[in-house]
Amino acid sequence: AVNVFKTYLDLDTRNKLGIKPIQSTLDQINKIKNTNDIVSLLKEKMPEGGLGFFGMYVSADAMDSNKNVLYISPGSIGLPDRDYYVSKDADSQDKKQKYEVHVARMLQFLGIDEASARKQAAQVVGIETKMAEARLDRVERRDRRKTYNPMTVADLQKLTPSVNWASYFEAAGLNNVENVVVSMPKYMETLETIFKSASVDDLKAYLRWTLINKNTGVLTTAIDDANFDFYSKTLTGAIAQRPIEERALQIVNG
């Protein structure tokens with residue numbers, strides 16, 4: 001923990017390294033040729049928190065706290081809530097447009113030229129909008145009956161056949177999994193549609209964005225500042241970042 005704290009505070013080294021800490025994963029994304037390659041990468045990166053599309057975690061069973069159960073949840077999207085993507089009100093539309101500009105800005109830190117970054121940002125927002133449309137809205141998410149959907153792994157496999165779930169669970173060290181709880185089955189169905197119908201370039205753009213977005217706080221100060229500009233200033237109206245020591249402690253403490 002002490003070493004993690006010191007490394008986080010070592011801004012000189014972080015700035016010198018640039019994106020080198022995530023370059024190997026970026027190279028893997030760039031080499032992807034099909035959905036099978038994507039699923040294989042998701043499985044490999046699972047110990048590091050994954051790369052979006054879907055999530056998995058073990059927690060107490062919502063209907064029986066005496067046992068734990070494996071939950072399957074929607075993957076990450078860059079805006080905080082479904083409504084930012086689907087709402088037609090002026091503020092949501094404005095935030096969505098500014099979000100796309102932010103994504104393009106961040107992709108350029110990966111060495112992508114401005115024109116390509118803008119194109120990929122549009123691809124990212126397009127993919128994430130489809131992912132958002134399939135999610136429950138704010139009211140529905142508070143209804144436990146709608147977010148608690150127990151099913152067999154065989155049933156989950158039918159929802160998203162592109163993912164070999166038995167292999168995925170095995171890679172996580174979870175053997176002989178027979179049952180899971182899926183928080184949003186419609187999302188998992190939509191994910192399969194995305195895997196089958198979206199272009200590989202669209203999916204790779206989403207992976208690149210997810211990669212840098214989940215690592216903004218541990219790379220360069222320029223990347224961290226750009227992240228703050230959008231997520232704190234634009235979305236919440238914050239004026240200044242918390243001291244770096246506080247942010248370091250948060251990372252150390254999880």
Side-chain angles (χ1 to χ4, degrees), residues 19 22 29 49-55 73-110 112-143 146-147 183-184 186-188 190-191 193-194 197-199 201-242 246-247 250-251:
I19 64 164
I22 62 172
I29 293 171
L51 275 176
F53 287 121
F54 59 85
S73 62
S76 59
I77 52 178
L79 285 169
D81 189 88
R82 174 185 187 273
D83 287 357
Y84 283 97
Y85 293 92
V86 302
S87 177
K88 300 302 181 183
D89 70 83
D91 183 64
S92 295
Q93 291 294 302
D94 178 62
K95 293 287 179 29
K96 185 178 180 181
Q97 188 275 329
K98 289 177 179 176
Y99 170 64
E100 186 171 321
V101 172
H102 171 68
V103 174
R105 178 185 182 185
M106 299 301 286
L107 289 173
Q108 290 178 72
F109 286 112
L110 299 178
I112 299 170
D113 67 82
E114 184 177 356
S116 296
R118 287 179 178 175
K119 178 182 177 181
Q120 289 187 42
Q123 292 171 305
V124 169
V125 174
I127 287 282
E128 290 189 348
T129 298
K130 292 178 182 178
M131 293 167 72
E133 287 170 344
R135 292 169 183 250
L136 300 177
D137 62 29
R138 295 171 187 173
V139 175
E140 290 172 323
R141 289 202 307 270
R142 293 196 290 267
D143 187 340
K146 293 186 177 181
T147 60
S183 59
M184 300 186 197
K186 181 183 176 182
Y187 173 86
M188 301 310 293
T190 299
L191 180 61
T193 301
I194 290 172
S197 62
S199 73
D201 284 344
D202 285 1
L203 299 174
K204 288 165 71 172
Y206 169 79
L207 287 171
R208 292 187 190 101
W209 159 239
T210 303
L211 174 65
I212 191 167
N213 194 37
K214 66 179 288 195
N215 287 290
T216 54
V218 294
L219 296 172
T220 69
T221 52
I223 291 173
D224 193 28
D225 289 345
N227 180 72
F228 178 81
D229 282 347
F230 178 73
Y231 281 108
S232 295
K233 286 185 178 179
T234 300
L235 283 187
T236 68
I239 298 174
Q241 288 231 53
R242 290 177 299 133
E246 287 186 16
R247 287 178 278 144
Q250 183 178 11
I251 288 180

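Summarising the geometry, atom CG belonging to Leu219 is positioned 10.0 Å from atom CZ belonging to Phe109; distances are rounded to the nearest 0.5 Å. Once rounded to the nearest 0.5 Å, the distance linking CZ of Arg105 with CD1 of Ile212 reads 11.0 Å. Note that CZ of Phe230 is 9.5 Å distant from CG of Asn213, once rounded to the nearest 0.5 Å. Expressed to the nearest 0.5 Å, how far NE2 of His102 lies from CG of Leu107 amounts to 9.0 Å. Note that CG of Asp137 and CZ of Arg82 are 6.0 Å apart. Values are rounded to the nearest 0.5 Å. We find the CG-OG1 distance between Asn215 and Thr210 to be 10.5 Å, quoted to the nearest 0.5 Å.
Taking 4.5 Å as the limit, some side-chain heavy atom of Ile19 sits within range of a side-chain heavy atom of Ile223. Taking the side chain as every heavy atom from C-beta outward, Arg135 and Tyr85 never approach each other to under 4.5 Å. Within the 4.5 Å cutoff, the side chain of Gln97 has no heavy atoms near those of the Gln93 side chain.
Nearest approach of Tyr187 to Gly75, heavy atoms of both residues: OH-N, 3.3 Å. Between Met106 and Asn227, the closest heavy-atom pair is SD-N, 4.3 Å. What you find for Ala134 and Thr190 is that their closest heavy atoms are CB-OG1, 3.2 Å. Considering every non-hydrogen atom in both Pro74 and Met184, the closest pair reads CG-SD, 3.6 Å. Closest non-hydrogen pair, Thr147 versus Glu140, comes out as CG2-O, 4.2 Å. Summarising the geometry of Thr234 relative to Lys95, their closest heavy-atom pair is O-CE, 3.3 Å, with the distance given to 0.1 Å.
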Exercise for the section: For side chain to side chain contact (heavy atoms under 4.5 Å, CB included), just list the numbers for Leu79 and Glu128, CA-CA rounded to whole Å, side-chain angles, deciding distance to a tenth of an Å, and then say yes or no. Expected result: CA-CA 9 Å; Leu79 285 169; Glu128 290 189 348; 5.7 Å; no
Practice task
List the steps, then state whether side-chain hydrogen bond (donor to acceptor under 3.5 Å, both in side chains) holds for Ser87 with Asp89.
Solution key: CA-CA 6 Å; Ser87 177; Asp89 70 83; 2.3 Å; yes
Problem - Criterion side chain to side chain contact (heavy atoms under 4.5 Å, CB included) on Lys130 and Thr193, from CA distance to verdict - result: CA-CA 10 Å; Lys130 292 178 182 178; Thr193 301; over 6 Å; no
Handout entry: Derivation of the side chain to side chain contact (heavy atoms under 4.5 Å, CB included) call for Val125 and Thr129
Key = CA-CA 6 Å; Val125 174; Thr129 298; 3.9 Å; yes
Problem - Leu110 and Ile22: CA distance, side-chain angles, deciding distance, side chain to side chain contact (heavy atoms under 4.5 Å, CB included) verdict - result: CA-CA 9 Å; Leu110 299 178; Ile22 62 172; 3.9 Å; yes
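More than 12 non-hydrogen atoms from other residues, nucleotides or ligands lie less than 6.0 angstrom from CZ of Arg141. More than 12 heavy atoms of other residues, nucleotides or ligands sit less than 6.0 Å from atom NZ of Lys96. In the displayed structure, Lys214 atom NZ is contacted under 6.0 Å by more than 12 heavy atoms of other residues, nucleotides or ligands.
Between Phe53 and Tyr206, the distance separating the two ring centers is shorter than 6.0 angstrom.
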